[in-house]
Participant: 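First the structure, then my questions, so here it is.
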Amino acid sequence: MSNIVVLVKQVPDTNAKIVVSGDRVDLSAVKKVMSPYDEFAVETALKHREANGGEVTALTLGGAGADKVLKDAKAIGVDHIVRIDTEDEHDSNALQSALATVLTEIGAEVVYCGKSAADTGAGSTGPGIAERLGWASVSNVISVAFENGLTVVAPSEGGNARISVPLPAVVSCDKGDMKVRKPNVKGIMQAKKAKVEVKTVAMQGSTVSVVAHSMPPAKPAGKSYEGGAAAAEVARLLRDEANVI
Amino acid sequence: MTDTIVIAEIAKGTIHATTSELVTAAAAMGSAPIVIVPCTDASIADAAASIQGASKVIAAKSDAFAHYDAAGWASALDAVAPAGTILTAATPQSKDLAARLAARRNLSVVQDVVAINGNQLTSPVYSGKAMQTVALSGPAVVSVRANVFDAAPSGGACEVAVVDTTGNMATAVQEFMARASQRLDVAEANIIISGGRGMGSPDNFVHLEAIADTIGAAVGASRAAVDTWEAIPHSMQVGQTGKTVNPNLYIAVGISGAIQHLAGMRSSKYIVAINKDADAPIFQHADYGIVGTWEDALPVLQSTLSSMMA
Ligand SMILES: Cc1cc2nc3c(=O)[nH]c(=O)nc-3n(C[C@H](O)[C@H](O)[C@H](O)COP(=O)(O)OP(=O)(O)OC[C@H]3O[C@@H](n4cnc5c(N)ncnc54)[C@H](O)[C@@H]3O)c2cc1C
């Protein structure tokens with residue numbers, strides 16, 4: 001029986017157009033979804049429960065708007081949904097400290113998360129909370145077997161490594177060859193009724209603060225050629241103009 | 001004033017060239033950095049001593065560095081590094097290390113930095129659809145993207161101190177499974193040639209492989225290629241749900257340039273697109289665009305590159 005936690009984050013749909021107004025991104029018109037890698041983390045957490053028994057808690061951090069991502073996790077099959085309530089911007093240190101505090105409160109024995117969130121792309125949360133809790137961690141994992149603690153496969157120089165991971169541990173999940181289950185009608189009905197447990201944590205101060213968002217620098221228009229024969233000219237330019245070959 | 005520390009990037013048991021870029025980035029943050037080289041054999045650290053701009057090199061020697069364990073590496077490096085801002089490369093392993101090291105010191109981490117202006121750091125967010133600039137009001141751990149900062153020149157000669165350290169390894173490697181081919185992984189390569197659904201069949205990837213082997217590139221793929229053809233593994237996928245890459249050169253063949261593919265490769269230094277549809281979105285991001293079929297373009301590219309490399 002394991003106390004399993006999966007971290008989920010609400011992010012803009014990856015198809016969404018991102019606009020900057022003033023010096024901040026304006027996400028008001030953007031559809032929000034579960035960060036794609038978190039779907040793999042939810043799937044892995046559910047597989048862990050199926051293999052060893054126990055219960056899965058989905059945990060997020062944010063304002064009430066973030067409840068939707070928890071309901072989505074509930075519809076897929078997690079048992080409990082918990083949100084750390086905060087609307088403000090925090091740096092990674094403050095966020096990870098709050099998550100670590102609540103993971104201890106919950107009594108988590110294993111934590112799954114996505115390898116990175118689709119908005120920041122940082123991938124800091126999993127290893128960061130593991131360090132705070134004094135746990136093992138492996139990132140970018142492509143498969144997990146639930147025996148002797150965990151046995152995971154993760155990329156390693158020149159290929160992959162099969163790694164024994166003692167519990168408690170944090171595992172950040174890549175896609176691997178995983179197929180994620182979709183919510184069924186019963187799950188969606190249960191999720192509608194499910195109550196989010198809201199927790200408040202005293203947040204640490206931040207030493208990293210966002211100054212501005214901007215659009216990526218526009219790339220100067222490239223050179224365009226018609227017909228495959230131009231590949232010879234392009235190869236020469238890659239050597240003589242771009243100096244990359 | 002606190003120190004600035006660079007953790008050298010190690011590849012194949014030696015110091016990777018991107019370490020010299022980290023020294024430049026550290027200088028932009030305000031001081032000549034101490035370069036720490038995680039190693040099992042201290043002699044590899046000598047190569048860092050010639051990087052101009054490094055104030056000192058510390059060879060952090062430990063059995064813990066024989067293979068990667070996040071907890072072990074973070075504890076072994078924490079024991080050696082003085083207080084201050086720490087810079088690492090932004091490879092998947094080094095980003096993981098950066099996060100653990102930051103948490104160990106109760107610091108914040110800023111990943112994937114591409115510009116530094118005093119205490120202000122800029123990174124791509126929303127898969128490169130916007131840039132975010134943050135200000136530091138204290139030390140932090142910062143990972144820096146490759147191929148953005150100029151490499152600090154060699155020719156320096158600073159002191160190398162060998163310091164023994166130990167790490168608490170939390171995990172144990174059971175076995176390594178080497179890739180079948182000698183070709184680099186997309187996450188490691190400085191040149192990538194990727195194929196999409198437009199390749200028509202996984203068998204046609206041999207044309208990409210031949211070019212890759214000519215110029216020392218890795219072969220990547222779009223998600224459509226990975227999802228459609230069993231022979232193309234997910235480890236080759238570039239994009240939102242694949243790998244984020246930042247090579248000097250990215251050649252996209254038969255790839256339309258969907259936003260989720262761009263998410264993984266748009267920050268490549270040079271982009272070449274080969275696509276038969278002149279309106280394919282990939283062309284808006286290409287430095288060199290060839291409107292034509294791969295059947296026409298790849299043989300010409302292959303023979304020109306072969307004669308250039310000969
Ligand atoms: C949540 C989410 C995550 C995603 N993650 C990723 C990801 O990580 N990576 C990714 O790549 N995609 C991802 N996608 C999918 C993405 O939206 C596109 O569907 C995918 O990138 C399309 O792949 P493609 O360009 O190979 O195929 P297509 O869009 O079908 O394009 C094929 C191209 O080949 C060209 N072509 C055809 N024949 C030839 C020929 N003979 N010679 C030259 N050109 C030819 C065509 O003109 C066309 O432009 C994701 C989607 C979602 C919703």
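Being a predicted model, the structure only gives us computed values, none of them experimental. Protein chains get the first letters and strands the later ones, always in sequence-line order, with residue 1 at the start of each.
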Participant: Decide, yes or no, whether a salt bridge links A:Lys219 with B:Asp287 under the criterion of side-chain N to carboxylate O below 4.0 Å.
Facilitator: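 Looking at B:Asp287 together with A:Lys219, the answer is yes, because their closest N to O distance falls below 4.0 Å.
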Participant: Which residue out of B:Asp69, B:Leu121, B:Asp96 racks up the most heavy-atom pairs below 4.5 Å with chain A?
Facilitator: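 Highest number of pairs under 4.5 Å: B:Asp96.
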Participant: Are B:Thr91 and B:Ser94 linked by a side-chain donor-acceptor pair shorter than 3.5 Å?
Facilitator: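 The answer is yes; a qualifying pair exists.
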Participant: Which one wins on heavy-atom pair count under 4.5 Å against chain B: A:Ser92, A:Ala136, A:Ala229?
Facilitator: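 Among A:Ser92, A:Ala136, A:Ala229, the one with the most close pairs to chain B is A:Ser92.
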Participant: Check whether B:Ala258 gets within reach of chain A through its side chain, its backbone, both or neither, counting any heavy atom under 4.5 Å.
Facilitator: neither
Participant: So, the side chain of B:Thr171 versus the backbone of A:Ile163: is there a donor-acceptor pair under 3.5 Å, distance only?
Facilitator: no
Participant: Among A:Pro220, A:Gly134, A:Ser224, A:Ala212, which residue has the highest count of heavy-atom pairs closer than 4.5 Å to chain B?
Facilitator: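 Of A:Pro220, A:Gly134, A:Ser224, A:Ala212, A:Ala212 has the most heavy-atom pairs under 4.5 Å with chain B.
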Participant: Does any backbone or side-chain atom of B:Gln174 lie under 4.5 Å from a heavy atom of chain A? Answer side chain, backbone, both or neither.
Facilitator: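 Backbone plus side chain of B:Gln174, per the 4.5 Å heavy-atom cut-off to chain A.
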Participant: By a 4.5 Å heavy-atom criterion (distance strictly below it), what part of B:Asp227 contacts chain A: side chain, backbone, both, or neither?
Facilitator: side chain
Participant: I'd like to verify something: which residue of B:Ser303, B:Ala135, B:Pro92, B:Ala74 has the highest number of heavy-atom pairs under 4.5 Å with chain A?
Facilitator: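 The option with the most such pairs is B:Ala135.
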Participant: Under 4.5 Å from any heavy atom of chain B, what part of A:Leu27 do you find: side chain, backbone, both or neither?
Facilitator: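 Contact with chain B: side chain only.
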Participant: Identify which part of A:Val11 has an atom lying under 4.5 Å from any heavy atom of chain B, answering side chain, backbone, both or neither.
Facilitator: neither
Participant: Does atom CG of A:Asp23 have more than 12 heavy-atom neighbours, drawn from other residues, nucleotides or ligands, at distances under 6.0 Å?
Facilitator: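 For A:Asp23, atom CG is crowded (more than 12 foreign heavy atoms under 6.0 Å).
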Participant: Select, from A:Ala130, A:Gly123, A:Ala94, A:Pro36, the one with the greatest count of heavy-atom pairs under 4.5 Å involving chain B.
Facilitator: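 Answer, by heavy-atom pair count under 4.5 Å with chain B: A:Ala130.
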Participant: Chain A heavy atoms under 4.5 Å from B:Ala286: which part of the residue, side chain, backbone, both or neither?
Facilitator: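 Interface part for B:Ala286: backbone (N, CA, C, O).
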Participant: So for A:Gln204, is it side chain, backbone, both, or neither that comes closer than 4.5 Å to the heavy atoms of chain B?
Facilitator: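 It is the side chain, since no backbone atom gets that close.
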Participant: Pick one of side chain, backbone, both or neither for B:Glu175, based on which atoms fall under 4.5 Å of a heavy atom in chain A.
Facilitator: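 Interface part for B:Glu175: both.
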Participant: Closest approach of B:Gln111 and B:Ser123, non-hydrogen atoms and distance?
Facilitator: O-OG, 2.9 Å
Participant: Flag the one option from B:Lys269, B:Lys12, B:His285 with the top tally of heavy-atom pairs under 4.5 Å to chain A.
Facilitator: B:Lys12
Participant: Below 4.5 Å from any heavy atom of chain B, which atoms of A:Val152 appear? Answer side chain, backbone, both or neither.
Facilitator: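 Nothing of A:Val152, per the 4.5 Å heavy-atom cut-off to chain B.
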Participant: Using a cut-off of under 4.5 Å for heavy-atom pairs, which of B:Ile259, B:Leu184, B:Leu249 has the most such pairs with chain A?
Facilitator: B:Leu249
Participant: Relative to each other, are the rings of B:Trp294 and B:His207 parallel, tilted or perpendicular (30° and 60° limits)?
Facilitator: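 Aromatic pair B:Trp294/B:His207 classed tilted.
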Participant: Using a 3.5 Å distance criterion without hydrogens, assess whether the side chain of B:Thr85 forms a donor-acceptor pair with backbone atoms of B:Ala140.
Facilitator: yes
Participant: Could you look at A:Val208 and say if it's the side chain, the backbone, both or neither that has a heavy atom under 4.5 Å from chain B?
Facilitator: both
Participant: Please classify the contact between A:Val210 and chain B as side chain, backbone, both or neither, with a heavy-atom cut-off of under 4.5 Å.
Facilitator: both
Participant: What part of B:Lys129 gets closer than 4.5 Å to chain A, counting heavy atoms only: side chain, backbone, both or neither?
Facilitator: both
Participant: I'd like to know which of B:Ala170, B:Gly292, B:Pro233, B:Ala278 tops the heavy-atom pair count under 4.5 Å against chain A.
Facilitator: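 Among B:Ala170, B:Gly292, B:Pro233, B:Ala278, the one with the most close pairs to chain A is B:Ala170.
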Participant: Side chains of A:Asp119 and A:Pro12: closer than 4.5 Å at any heavy-atom pair?
Facilitator: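 The answer is yes, as the side chains (C-beta and beyond) meet within the 4.5 Å cut-off.
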Participant: Heavy-atom pairs under 4.5 Å with chain A are the metric here; pick the option from B:Arg100, B:Met131, B:Met177 that has the most.
Facilitator: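 Counting heavy-atom pairs under 4.5 Å, the top option is B:Arg100.
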Participant: What part of B:Met169 gets within 4.5 angstrom of chain A, counting heavy atoms only: side chain, backbone, both, or neither?
Facilitator: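 Nothing of B:Met169, per the 4.5 Å heavy-atom cut-off to chain A.
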Participant: Hey, which of A:Lys175, A:Lys115, A:Arg236, A:Met215 has the most heavy atom pairs under 4.5 Å with chain B?
Facilitator: A:Lys175
Participant: Mind checking the CG-CD1 spacing from B:Leu301 to B:Ile193? Nearest 0.5 Å is all I need.
Facilitator: 6.0 Å
Participant: Can you tell me if CG on A:Asp240 sees more than 12 non-hydrogen neighbours from other groups inside 6.0 Å?
Facilitator: yes
Participant: Is it the side chain or the backbone of B:Ile191 that comes within 4.5 Å of chain A heavy atoms, both, or neither?
Facilitator: side chain
Participant: Under a 4.0 Å threshold between the charged nitrogen and the carboxylate oxygen, would A:Asp38 count as salt-bridged to A:Lys9?
Facilitator: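 A:Asp38 and A:Lys9: not salt-bridged.
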Participant: Closer than 3.5 angstrom, by distance alone: can the side chain of B:Asn147 be matched with the main-chain N or O of B:Asn246 as a donor-acceptor pair?
Facilitator: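 Side chain of B:Asn147 to backbone of B:Asn246: a pair is present.
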Participant: Check whether B:Val110 gets within reach of chain A through its side chain, its backbone, both or neither, counting any heavy atom under 4.5 Å.
Facilitator: side chain
Participant: Taking atom types as modelled, is there a side-chain donor on A:Arg132 or A:Asn93 under 3.5 Å from an acceptor on the other?
Facilitator: yes
Participant: Check whether B:Leu136 gets within reach of chain A through its side chain, its backbone, both or neither, counting any heavy atom under 4.5 Å.
Facilitator: both
Participant: Is a side-chain donor-acceptor pair under 3.5 Å present for B:Gln240 with B:Ser127?
Facilitator: yes
Participant: Going by distance alone, is a donor N or O of one side chain under 3.5 Å from an acceptor N or O of the other, for B:Gln302 and B:Ser306?
Facilitator: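 On atom types as modelled, these side chains qualify, holding a pair under 3.5 Å.
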Participant: Is B:Val109 close to chain A through its backbone or its side chain, or both, or neither, when contacts mean heavy atoms under 4.5 Å?
Facilitator: both
Participant: To the nearest 0.5 Å, what is the distance between CD (A:Glu109) and NE2 (A:His48)?
Facilitator: 8.0 Å
Participant: With a 4.5 angstrom heavy-atom cut-off, is it the side chain or the backbone of A:Thr151 that approaches chain B, or both, or neither?
Facilitator: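 Only the side chain of A:Thr151 comes within 4.5 Å of chain B.
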Participant: Using a strict cut-off of less than 4.0 Å between a Lys/Arg side-chain nitrogen and an Asp/Glu carboxylate oxygen, indicate whether B:Lys276 and B:Asp296 qualify as a salt bridge.
Facilitator: no
Participant: Below 4.5 Å, heavy-atom pairs only: which of A:Asn243, A:Thr125, A:Leu237 has the largest tally toward chain B?
Facilitator: A:Leu237
Participant: What part of A:Glu226 lies closer than 4.5 angstrom to a heavy atom of chain B: side chain, backbone, both or neither?
Facilitator: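 Both backbone and side chain of A:Glu226 come within 4.5 Å of chain B.
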Participant: Given a strict heavy-atom distance threshold of 4.5 Å, which part of B:Tyr68 is in contact with chain A: side chain, backbone, both, or neither?
Facilitator: neither
Participant: Look at the aromatic rings of B:Tyr288 and B:Tyr270 and report parallel, tilted or perpendicular, splitting at 30° and 60°.
Facilitator: parallel
Participant: In terms of heavy-atom contacts, does NZ of A:Lys17 have more than 12 from other residues, nucleotides or ligands at under 6.0 Å?
Facilitator: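 Count not over threshold, so no.
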Participant: When only pairs under 4.5 Å are counted, which of A:Ser139, A:Gly114, A:Ala230, A:Ser97 shares the most heavy-atom pairs with chain B?
Facilitator: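 When all of A:Ser139, A:Gly114, A:Ala230, A:Ser97 are compared, A:Ser139 has the most.
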Participant: Side chain, backbone, both or neither: which part of B:Gln260 has an atom under 4.5 Å from a heavy atom of chain A?
Facilitator: side chain
Participant: So which part of B:Pro299 gets closer than 4.5 Å to some heavy atom of chain A, the side chain, the backbone, both or neither?
Facilitator: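 Neither part.
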